[in-house]
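Below, read A as the first sequence line, B as the second, and so on, with proteins coming before strands; counting in each chain starts at 1.
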Protein chains: 2
Amino acid sequence: MNAPALTKNQTLVFEVLEKADGPLSAYTILDKLRDHGFRAPLQVYRALEKLLEYGVVHRLESINAFVACAHPEQNCHSHGIVAFAICESCGHVMEFHDHEVDHRLMDWTRGKKFKAEKTTIEIRGLCEACAA
Amino acid sequence: MNAPALTKNQTLVFEVLEKADGPLSAYTILDKLRDHGFRAPLQVYRALEKLLEYGVVHRLESINAFVACAHPEQNCHSHGIVAFAICESCGHVMEFHDHEVDHRLMDWTRGKKFKAEKTTIEIRGLCEACAA
DNA sequence: TCGCACACGTTATAGCATAACGCAATTGAT
DNA sequence: ATCAATTGCGTTATGCTATAACGTGTGCGA
Ligand SMILES: [Zn+2]
Ligand SMILES: [Zn+2]
Ligand SMILES: [Zn+2]
Ligand SMILES: [Zn+2]
């Protein structure tokens, strides 16, 4: 999905996520945008829906939070499944791709004739700094 | 984690999940147990917490639901990461393990010195029957 | 018998997400 | 220019998911 020009609300939400040093919940984003006129969760969720569709934002299912894509120059959707390592201490997130993992999972789904639409890979634990 | 004898509430919750043909939300479980005296979400969540700890139930992060382990004879925790394919049409869930995927992810975490605690792999899409 | 751990019950609250309505701006034929 | 369709936006209300906080009872070893 190629991203068309962002609307005002989409831009505001995206900028908040870009500036953040970790994932944010929809309600945290809302609070950060109250000064810009945001009043209701739907304003955030509607913007997020589009940003997710465009592939410039990812949703972290295991912590109900959202993060700006770490590979803005590439198109994350185009090179396979996105995986995340999430530090449960400092909240930092690392985004990566592994084609071998993609292939193994695709092999499995093909064998089961399962039509995969969206795959989630999230590793929670402690980053190097926090594990020390 | 080896499972000690289950308490009354844990047994009730586990039986509901075993009999179900798909994942259930905590509140759905609650409704199914009202006739057995359940009145509040915490009764379900507390039982689930233990069942997850014992490894006889899994949590599906991407759909906020719980499912009985499909491999009761084995110890799911003992042979690596558990992966799920979830049909978004009929709700059916397939649970599987893939050591090669485990190794690739472990290689990555080792390289980053990331201490993995819990890994989620969930594929959402359409099962063979529903994709036809 | 005392202290502790644990399961349990209840009420209240916090956190996450969407339904439903209406309005305004944009677009793109006709 | 006009109409219809689409899209974004704002608001209110509601629903779903999860936990905090407090109290009770029971079993068990020191
Ligand atoms: Zn990305
Ligand atoms: Zn950290
Ligand atoms: Zn299992
Ligand atoms: Zn299906």
- Indicate whether OP1 or OP2 belonging to D:dC9 is found under 4.0 Å from a side-chain N or O atom of A:Q43. no

- Message: To check you understand the geometry: which heavy-atom pair defines the closest contact between A:E122 and A:I86, and what is its length?
- Response: OE1-CD1, 4.0 Å

- Message: Would you say A:K8 places a side-chain N or O within less than 4.0 Å of OP1 or OP2 belonging to D:dG8?
- Response: no

- Query: Whole Å only: how far is the CD1 atom of A:I63 from the P atom of C:dA17?
  - Reply: 11 Å

- Task: Give a yes-or-no answer on whether the side chains of A:R124 and B:T120 include a donor-acceptor pair shorter than 3.5 Å.
- Result: yes

- Message: What is the distance, to the nearest angstrom, from the CG atom on A:L48 to the P atom on C:dT18?
- Response: 10 Å

- Between atom OH in B:Y45 and atom P in D:dC16, what is the gap in whole Å? 12 Å

- Kindly say whether B:L12 contributes a backbone atom to a donor-acceptor pair with the side chain of B:E15 at under 3.5 angstrom? no

- Message: Tell me the interatomic distance from A:R39, atom CZ, to D:dA13, atom C1', rounded to whole angstroms.
- Response: 16 Å

- Item | Of the listed nucleotides C:dA7, D:dT19, C:dA17, the one nearest the side chain of B:L42 | D:dT19

- Note on the structure: Of C:dT18, C:dC16, C:dC8, the nucleotide closest to the side chain of A:S25 is C:dC16

- Stacked pair B:Y27-D:dT17, distance under 5.5 Å, angle under 30°: yes

- Note on the structure: note: A:I29, atom CD1; C:dG15, atom C1'; distance rounded to Å ~ 14 Å

- Message: For B:A40 and B:Q10, find the nucleotide of DNA chain C closest to each by heavy atoms; which residue's nucleotide sits nearer the 5' end?
- Response: B:Q10

- Transitively linked via ILVMFWY side-chain contacts under 4.5 Å: B:L6 with B:V16? yes

- Item | A:T7 side-chain N/O to D:dT7 phosphate OP1/OP2 under 4.0 Å | no

- Roughly, in whole Å, what's the span from CG in A:L24 to P in C:dG15? 15 Å

- Quickly work out the B:L12 CG to C:dA7 P distance and round it to whole Å. 15 Å

- Message: OP1 or OP2 of C:dG15 versus the side-chain N and O atoms of A:N64: is any pair under 4.0 Å?
- Response: no

- Tell me what A:R46 touches on the nucleic acid: a base, only sugar-phosphate, or nothing, going by heavy atoms under 4.0 Å. base

- Item | Atom pair distance, as rounded to whole Å: CD in B:E53 and C1' in C:dA7 | 13 Å

- Do the ring planes of B:W108 and B:F114 sit parallel (below 30°), tilted (30 to 60°) or perpendicular (above 60°)? tilted

